[in-house]
**Q** 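Input: one structure, supplied below.
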Amino acid sequence: MTEAEIIQSSTALTEISATATAIYLSLISGYLVVAYVAGKNLDKTQLVVVNVLFVAAAEWHAFASALYGSQGQAMAARLQTADIEGGAMPLVIFWGWFVFLSLGVIACLYFMHKTRKGA
């Protein structure tokens, strides 16, 4: 790959990561609103459906954000080290970002639990 192609690829991967993060934040916000407004009124089946859909969608976008973001960082790192031909994806960036976003999902589930308990 040429230097221009690496820059273009890195930018595209970072844009995809930013989009996935924006969708993730929208899902988090929507879930928190539902938890606060209607959490106490949901029956068991509704609660399970809402939680499963939320966790699946949020974790999918957290994974996409972490994956594409870390790949974009790896591409940018190639330019700095002049390693145009290869290089491993920085797993520390991937797992750090994915765990951070996953903690947000867990915090939302805890908020729903506390809202339903009335605390």
Side-chain angles (χ1 to χ4, degrees):
M1 292 179 87
T2 66
E3 185 175 337
E5 289 171 328
I6 291 175
I7 292 170
Q8 185 178 17
S9 295
S10 175
T11 303
L13 290 167
T14 304
E15 288 173 357
I16 293 169
S17 176
T19 301
T21 303
I23 294 170
Y24 167 84
L25 291 173
S26 297
L27 288 166
I28 294 286
S29 300
Y31 183 82
L32 289 175
V33 168
V34 168
Y36 185 74
V37 172
K40 288 183 181 180
N41 301 327
L42 296 175
D43 65 23
K44 195 84 154 173
T45 305
Q46 292 170 330
L47 181 66
V48 169
V49 169
V50 167
N51 284 340
V52 167
L53 290 175
F54 166 69
V55 169
E59 287 298 321
W60 174 258
H61 286 90
F63 178 78
S65 175
L67 179 66
Y68 290 118
S70 61
Q71 286 181 343
Q73 289 293 323
M75 290 286 221
R78 286 183 189 174
L79 289 175
Q80 294 174 347
T81 60
D83 181 17
I84 302 297
E85 294 304 317
M89 178 178 69
L91 291 176
V92 172
I93 294 172
F94 169 78
W95 285 111
W97 189 238
F98 182 67
V99 167
F100 176 73
L101 294 177
S102 294
L103 289 174
V105 172
I106 292 168
C108 286
L109 292 172
Y110 180 73
F111 180 79
M112 174 69 92
H113 175 71
K114 283 299 200 182
T115 301
R116 288 185 54 83
K117 286 227 176 212

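None of these values were measured; they are calculated from a predicted model.
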**Q** Among T21, I16, T19, find the residue that satisfies the side-chain contact (heavy atoms from CB on, under 4.5 Å) test when tested with S65.
**A** T21

**Q** Compare every heavy atom of L13 with every heavy atom of M75, then report the nearest pair and how far apart it is.
**A** CG-CD1, 4.0 Å

**Q** Which distance, rounded to the nearest 0.5 Å, do you find between the OG of S10 and the CD of Q73?
**A** 7.0 Å

**Q** Linking I/L/V/M/F/W/Y whenever any side-chain heavy atoms sit under 4.5 Å apart, do L25 and V33 land together?
**A** yes

**Q** Can you tell me how far CD1 of I93 sits from CG of L67, rounded to the nearest 0.5 angstrom?
**A** 12.0 Å

**Q** Taking all non-hydrogen atoms of both residues into account, name the closest pair between Q46 and D43 and its distance.
**A** N-OD1, 2.8 Å

**Q** Group every Ile, Leu, Val, Met, Phe, Trp and Tyr by side-chain heavy-atom contacts under 4.5 Å, then state whether L32 and V50 land in the same group.
**A** yes

**Q** Could you grab the distance from atom OG1 of T2 to atom CD of Q8, nearest 0.5 Å is fine?
**A** 9.0 Å

**Q** Same hydrophobic cluster for Y36 and M112, using side-chain heavy-atom links shorter than 4.5 Å among ILVMFWY?
**A** yes

**Q** So F98 and F63, would you call those rings parallel, tilted or perpendicular, with 30° and 60° as cut-offs?
**A** perpendicular

**Q** Can you hop from L47 to F111 via hydrophobic side chains spaced under 4.5 Å?
**A** yes

**Q** Just wondering, more than 12 heavy atoms not from E5 lying within 6.0 Å of its CD?
**A** yes

**Q** Evaluate the ring planes of Y110 and H113, with Trp represented by its six-membered ring, and classify them as parallel (under 30°), tilted (30 to 60°) or perpendicular (over 60°).
**A** tilted

**Q** E15: which residues meet the side chain to side chain contact (heavy atoms under 4.5 Å, CB included) condition with it, sequence neighbours left out?
**A** T11

**Q** Quick check for you: to the nearest 0.5 Å, what is the distance between L101 atom CG and I106 atom CD1?
**A** 11.5 Å

**Q** Spell out, as yes or no, whether a donor-acceptor pair under 3.5 Å connects the side chain of Y68 to the backbone of T14.
**A** no

**Q** Please list, one pair per line, the donor and acceptor atoms closer than 3.5 Å that link side chains of residues 54-62 to other protein atoms, with sequence neighbours excluded.
**A**
| residue | atom | partner | partner atom | Å |
| --- | --- | --- | --- | --- |
| E59 | OE1 | S102 | OG | 2.9 |
| E59 | OE2 | S102 | OG | 3.3 |
| H61 | ND1 | A57 | O | 2.8 |

**Q** Of all heavy-atom pairs between A35 and T115, which one has the smallest distance, and what is that distance?
**A** O-CG2, 3.0 Å

**Q** Just checking, any donor-acceptor pair under 3.5 angstrom between side chains of S70 and W97?
**A** no

**Q** Taking all atoms of both residues into account, what is the closest heavy-atom pair of V37 and N41, and its distance?
**A** O-ND2, 4.2 Å

**Q** If hydrophobic clusters are built from ILVMFWY residues whose side chains come within less than 4.5 Å, do F100 and Y24 share one?
**A** yes

**Q** Evaluate Y31 against N51 for side-chain contact (heavy atoms from CB on, under 4.5 Å), listing each step before the verdict.
**A** CA-CA 9 Å; Y31 183 82; N51 284 340; 2.4 Å; yes

